[in-house]
Amino acid sequence: MNSSADAAKPGSSAANHTGQPARKPNPATVAFRKLGEAAKQQGLQDEFAGIVQMIRDSRGRPPSIVVVGEVNRGKSTLVNSLLATANLAPTGPSAVTALAVNYEVASDDFPLGEAELEFPQPPNRRRIPAAELPAWIRLDSPVLMNADPAPLQASQAVRPGFLQGCTIVDTPGSGGLSEAYALRALARARDASVLLLVTDAAGRITEPALDFLMNCAEHVESVVVAVTKLDLYRNSSAQILEENRQILAARSPRLANIPMVAVSGAWGERAAAEADPERRRRLFEASRVPELADALRAPLMRANQLPTLNALRQGAALLEQPLVALQAEREALGGAVEAPEDAVRIKEHRENLLRTFEDSRYDWGAQVDRVRVELTSANSRLTREFAAHWRERVQSKGSGISDQQALVLRNELAADLEVNVRRALAGIAQRAGALLGELYADAGMDPHRALFGELNRRITEVGDQPRAPIEHNAASLDPRTLFSGALMGSGIGSLTLGALLGPVGAALVGMSIMGSLGALLARRQAKRQSFLQTVNDATVELREVLDRAVRGVLQVVQTDAKKIFDRDLKASANAAKAELDRIESARRASESERKQRLGRLNPQIEQIQDAMRTAAAEVERLTQSKTES
């Protein structure tokens with residue numbers, strides 16, 4: 001809401017120095033100011049300040065473009081093209097990244113030339129020179145393989161490139177498409193982020209990519225598809241795009257009209273490295289990376305508008321109740337005969353609740369216990385599904401797990417654990433908030449805003465508590481596997497090499513070869529068994545975090561909310577009585593008193609109505625521009 005146009009108001013220094021007329025204030029800013037002035041007039045400045053703070057908090061982080069794709073689709077090359085910087089994200093057949101990397105626009109706090117690693121335990125963040133980052137994110141790097149603990153993800157400060165005001169997240173290239181990495185990146189970003197799925201023009205979109213897109217699309221507002229390697233498949237790219245559109249439309253109506261652009265990341269990266277401006281321009285134009293940037297820019301603009309829309313809607317909603325009360329008083333002053341049966345009934349209901357409040361405590365506790373059982377059951381189901389999914393993944397590695405595979409799985413397990421914790425905590429907070437709404441609704445009231453703030457604080461507190469890192473358990477070899485391998489090698493060597501080396505020599509060679517293979521197999525199997533224990537530890541941690549969250553939020557409902565409810569109930573009953581008294585007083589007022597009170601009421605009503613009309617018109621304008629874009 002803090003538009004730069006505010007600094008150029010008539011009479012300001014901006015207008016005087018340039019000699020030009022000051023720009024008109026942003027219409028959303030004008031609408032929001034009107035709402036604020038009307039709220040202040042009604043004594044609601046504290047509530048309005050809460051809306052302002054919430055909007056400021058929502059603007060705390062830029063939206064993200066989360067780039068996902070199967071291996072060797074040109075994902076990192078495309079990221080370099082969008083950032084207009086060659087060789088930034090590691091590329092090439094052997095440059096497989098093991099961590100998600102957030103490319104953030106450089107700032108005073110995070111200047112160019114710096115990178116940051118995030119670890120699972122304090123100190124959680126560590127700054128390093130950007131030149132050292134590849135050693136921490138490449139899967140073939142000894143630095144990463146020997147790190148204990150290994151970092152969860154990384155960030156690097158960059159220039160904006162084609163897209164300003166957003167973070168580009170390059171998800172790991174190892175292990176194929178990973179919902180855990182994508183969902184974690186989306187959850188950490190602002191609500192309205194963009195999922196950029198990278199496939200290529202060598203063929204139609206694959207079934208795994210389709211399944212991934214369907215699972216992730218429900219958690220993100222906007223999806224864009226980039227079909228890469230236009231430089232290699234220029235003749236068939238148009239056909240592949242059309243086939244992909246038909247496939248997506250058949251799978252889901254929502255995906256039928258998502259933007260899909262054929263690009264060449266290779267040409268884009270060459271353009272980024274080109275010193276000659278004209279050649280650079282032509283290469284970028286041929287790459288169609290600017291066209292992809294335009295397709296991404298539209299949902300990013302919508303992401304920037306979302307806090308403004310929320311602010312206008314909530315500010316208008318704040319004024320609805322005082323407007324109704326003022327209009328009711330005006331009608332009474334105007335002599336309209338209107339029986340206040342509804343108000344009387346509400347007043348009597350509240351007074352009855354006051355008289356029987358002690359008796360109603362049992363019902364309050366019973367409803368809290370019911371929700372506790374409901375949430376505990378949901379948590380148990382989630383942890384069972386989490387454990388079953390990961391055990392199945394690990395046990396499917398029949399030949400065991402290598403060191404690199406263990407690293408990839410460990411990082412993905414950490415991401416999946418974070419995603420499940422975030423999702424479950426949001427569900428717990430939502431259900432606890434709904435319980436508050438139900439309890440207050442029985443008294444004809446709305447919950448106090450501070451209660452929701454306390455619920456969210458408890459949830460945030462649980463989510464922010466340091467969790468144990470995903471352990472890198474040492475794998476112990478099974479001597480039985482080594483012994484059986486040596487025996488098998490002895491037999492095979494005697495049969496195949498006995499004539500050349502003699503019985504003893506052949507047996508020794510066979511034992512040596514098969515013993516080495518047996519040792520490798522035993523190590524991989526031990527890694528697999530060790531990782532199963534890691535899955536068990538992560539499952540226990542998930543359950544403990546969720547149980548703490550349930551205890552925390554229901555304690556708020558059980559204790560704090562009861563006290564505030566008692567206070568609000570009395571205040572509400574008193575307010576209802578005062579409103580009835582005002583209406584009765586208005587009916588008995590003299591003609592001169594009526595004119596005086598109407599002179600006070602009418603400007604307030606007109607101010608609120610004007611503010612609400614202006615806000616509604618701005619919401620409609622922004623929503624319309626969002627639809628058109």
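FYI, the numbering just counts along the sequence from 1.
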Report task. Evaluate the side-chain contact (heavy atoms from CB on, under 4.5 Å) criterion for residues L78 and L292: first the C-alpha distance (whole Å), next the side-chain angles of each, then the deciding distance (0.1 Å), finally the verdict. Result -> CA-CA 10 Å; L78 185 61; L292 175 62; 3.9 Å; yes
Query - Flag if over 12 foreign heavy atoms under 6.0 Å of CZ, R234 - result: no
Requested in this report: Walk me through it: do L300 and I65 pass the test side-chain contact (heavy atoms from CB on, under 4.5 Å)?
Outcome: CA-CA 9 Å; L300 289 174; I65 298 171; 3.9 Å; yes
Query raised in the report: If you round to the nearest 0.5 Å, how far is CD1 of I428 from CZ of R551?
Result: 10.5 Å
Query raised in the report: So which of V169, L133, L88 actually passes side chain to side chain contact (heavy atoms under 4.5 Å, CB included) with V101?
Result: L133
Requested in this report: Rounded to the nearest 0.5 Å, what's the gap from CG on L413 to CZ on F386? Could you check?
Outcome: 4.5 Å
Query raised in the report: When rounded to the nearest 0.5 angstrom, what distance separates CD in Q156 from CG in L83?
Result: 9.0 Å
Query raised in the report: Heavy atoms, side chains only, cut-off 4.5 Å: are T383 and N420 in contact?
Result: no
**Report entry** Atom CG of D276 with >12 non-hydrogen neighbours under 6.0 angstrom
**Finding:** yes
Query raised in the report: Can you check side-chain contact (heavy atoms from CB on, under 4.5 Å) on L232 and L230, steps first, answer last?
Result: CA-CA 5 Å; L232 301 178; L230 175 64; over 6 Å; no
Query raised in the report: Is the closest side-chain donor-acceptor distance between E70 and T199 under 3.5 Å?
Result: no
**Report entry** Side-chain heavy atoms of L152 within contact of L99, under 4.5 Å
**Finding:** no
Requested in this report: Kindly give the heavy-atom pair with the smallest separation between A135 and V143, and that separation in Å.
Outcome: O-CB, 3.5 Å
Query raised in the report: Any side-chain heavy atom of P151 within less than 4.5 Å of one from L144?
Result: yes
Report summary line: One should read off an interatomic distance between S81 OG and R270 CZ, to the nearest 0.5 angstrom, of 11.5 Å
Query raised in the report: What pair of heavy atoms forms the shortest contact from A201 to S236, and how long is it?
Result: O-OG, 3.9 Å
Report summary line: Closest non-hydrogen contact found for L112 with A157 is CD2-O, 3.7 Å
**Report entry** Any donor-acceptor N or O pair under 3.5 Å, side chains S155, R125
**Finding:** no
Report task. With the side chain counted from C-beta on, respond yes when E412 and L407 share a heavy-atom pair under 4.5 Å apart, and no when they do not. Result -> no
Query raised in the report: Would you call R251-D211 a salt bridge at under 4.0 Å N-O?
Result: yes
Query raised in the report: Do we see a donor-acceptor contact under 3.5 Å between the side chains of Q529 and Q525?
Result: no
Query - 4.5 Å side-chain heavy-atom contact, V66 and V194 - result: no
Query raised in the report: Do L542 and L417 come within less than 4.5 Å of each other through their side chains, counting heavy atoms only?
Result: yes
Query - Heavy atoms of other groups near Q164 CD, more than 12 under 6.0 Å - result: no
Query raised in the report: Would you call E285 and R282 a salt bridge, using N to O less than 4.0 angstrom?
Result: no
Query raised in the report: Would you find a donor on one side and an acceptor on the other, under 3.5 Å apart, between the side chain of D200 and the backbone of K229?
Result: no
Query raised in the report: Where does the angle between the aromatic ring planes of F162 and F284 fall among parallel (under 30°), tilted (30 to 60°) and perpendicular (over 60°)?
Result: perpendicular
Report task. Please tell me if the side chains of R288 and W267 come closer than 4.5 Å, counting only heavy atoms from C-beta onward. Result -> no
Query raised in the report: Hey, does the side chain of R528 reach the backbone of Q395 with a donor-acceptor pair shorter than 3.5 angstrom?
Result: yes
Query raised in the report: So, do E116 and I128 sit near enough that their side-chain heavy atoms are less than 4.5 Å apart?
Result: no
Query raised in the report: Are more than 12 heavy atoms from other residues, nucleotides or ligands located less than 6.0 Å from atom CZ of R245?
Result: yes
Query - Least distance between heavy atoms, P299 atom then S222 atom - result: CB-OG, 3.2 Å
Query raised in the report: Between the side chains of D170 and S76, does any donor sit under 3.5 Å from an acceptor?
Result: yes
Query - From CA spacing to verdict: side-chain contact (heavy atoms from CB on, under 4.5 Å), V67, L195 - result: CA-CA 6 Å; V67 188; L195 185 71; over 6 Å; no
Requested in this report: Would you please say whether a donor-acceptor pair under 3.5 Å links the side chains of R391 and N536?
Outcome: yes
Query raised in the report: Are R423 and E418 ion-paired here, with the side-chain N under 4.0 Å from a carboxylate O?
Result: no
**Report entry** Straight-line distance of E242 CD to I247 CD1, nearest 0.5 Å
**Finding:** 10.5 Å
Query raised in the report: With no hydrogens and no angle check, is any side-chain donor or acceptor of R280 less than 3.5 Å from a backbone partner on A272?
Result: yes
Query raised in the report: Is the CZ atom of R254 crowded by more than 12 outside heavy atoms at less than 6.0 Å?
Result: yes
Query raised in the report: Should the heavy atoms of other residues, nucleotides or ligands under 6.0 Å from CD of E243 be counted, would the total exceed 12?
Result: yes
**Report entry** Neighbour count above 12 (heavy atom, 6.0 Å) for E392 CD
**Finding:** no
Query - CG on D109 to CD on E104, rounded to 0.5 Å - result: 11.0 Å
